[in-house]
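In listed order, ligands and their atoms are each counted from 1. As a basis for the values below, the full set of heavy atoms in this structure was taken, side chains included, without hydrogen atoms, waters or symmetry mates.
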Amino acid sequence: MSARISVVEGDITQQRVDAIVNAANSSLLGGGGVDGAIHRAAGLELLAECRTLGGCPTGEARMTRGYRLSARWVIHTVGPVWRGGDHGEDALLASCYRNSLALAVEHGIHSIAFPAISTGVYGFPLGQATRIAVAEVRRFLEQAETIEQVVFVCFGRRAYETYVAVMGYPLNSLGQLKADP
Ligand code: AR6
């Protein structure tokens, strides 16, 4: 099971996978953070296709082509804004992962990369978001045999170390992986 999930530190726009997931807002018309990076790398055709979609509610996902990205597809999902934790944030974040993976299965996607949805501008606490991400992906993969590879792409050392710890990999005193996952 864990052979199908990996954690890397880097930029999601550079991932060589079938689909990358975008942490979008409900307009789907671009923004800052990973959303801005994906739109910049994919080019203006991505925005043009997004305009045809009519937005996306929080917790759901929509798919477009990847245009100038090496990923053929972009799955846009809208994470919850953190409002203290009592506004359904956990369940909404979990549904972002499930709905993104369900779209991937529907479209025959074998490899998919996720950013840490909602943990930037939307303020979701990183540790809690990471536990939800890892649990949902693990659960989904138990019944989705067509997905061969899920990559968690961490932007920066802190996110990387959090994912590695939640995945249960041993780290040495320098915070490096002792062995490949
Ligand atoms: N590759 C991978 N991860 C990245 C990259 C990148 N190139 N750039 C940032 N991250 P955020 P959110 C990480 O703020 O919290 C946008 O304006 C970042 O370090 O991008 O879901 C949208 O339009 C953080 O860990 O998304 C929405 O309005 C994670 O991606 C709003 O932000 C998510 O941070 C969504 O907020």
- Going by distance only, is there an N or O of V121 that falls short of 3.5 Å from an N or O of ligand 1? yes
- Message: Can you report which non-hydrogen protein atom sits closest to atom 33 (C) of ligand 1, along with the distance?
- Response: A116 O, 3.3 Å
- Note on the structure: Quick note on ligand 1: atoms under 4.0 Å from a heavy atom of D11 include exactly 1 (N), 6 (C), 7 (N)
- Here the gap from L44 atom CG to Y67 atom OH, rounded to the nearest 0.5 Å, amounts to 11.5 Å
- Task: Kindly say whether N22 contributes a backbone atom to a donor-acceptor pair with the side chain of D35 at under 3.5 angstrom?
- Result: no
- Task: May I ask whether T119 has any heavy atom positioned less than 4.0 angstrom from an atom of ligand 1?
- Result: yes
- Task: For the pair R51 and E49, find out whether any cationic side-chain nitrogen is under 4.0 Å from an anionic carboxylate oxygen.
- Result: no
- Those atoms of ligand 1 less than 4.0 Å from some heavy atom in A37: 7 (N)
- Message: Within ligand 1, which atoms have a heavy atom of V34 less than 4.0 Å away?
- Response: 1 (N), 2 (C), 3 (N), 4 (C), 5 (C), 6 (C), 8 (N), 9 (C), 10 (N), 20 (O), 30 (O)
- Message: Just to be sure I read this right, does ligand 1 sit under 4.0 Å from the backbone of A23, its side chain, both, or neither, counting only heavy atoms?
- Response: both
- May I have the step-by-step check of ring-ring contact (aromatic ring centres under 6.0 Å, His included) for F124 and W82, ending in yes or no? CA-CA 5 Å; F124 208 116; W82 180 257; 4.8 Å; yes
- Task: Report yes or no: does a heavy atom of S118 sit under 4.0 Å from some atom of ligand 1?
- Result: yes
- What atoms of ligand 1 come within less than 4.0 Å of a heavy atom belonging to G32? 16 (C), 17 (O)
- Message: Starting from atom 31 (C) of ligand 1, what is the nearest protein heavy atom, named by residue and atom, and what distance separates them?
- Response: Y122 CE1, 3.5 Å
- Pair R139 + E142: basic N to acidic O under 4.0 Å: no
- Message: Under 3.5 Å between any N/O of G120 and any N/O of ligand 1: does that happen in this structure?
- Response: yes
- Query: What are the two closest heavy atoms between C154 and V7, and how far apart are they?
  - Reply: SG-CG1, 3.7 Å
- Nearest protein heavy-atom contact for atom 3 (N) of ligand 1: which residue, which atom, what distance? F155 CB, 3.4 Å
- Atoms in ligand 1 with a heavy atom of G31 nearer than 4.0 Å: 17 (O), 23 (O)
- Item | Best match, L28, L93, I12, D35: closest heavy atom to atom 2 (C) of ligand 1 | I12
- Task: For the pair R83 and E89, find out whether any cationic side-chain nitrogen is under 4.0 Å from an anionic carboxylate oxygen.
- Result: no
- Message: Is the distance from the ring center of F140 to that of Y97 below 6.0 Å?
- Response: no
- Query: With no hydrogens and no angle check, is any side-chain donor or acceptor of H110 less than 3.5 Å from a backbone partner on T146?
  - Reply: yes
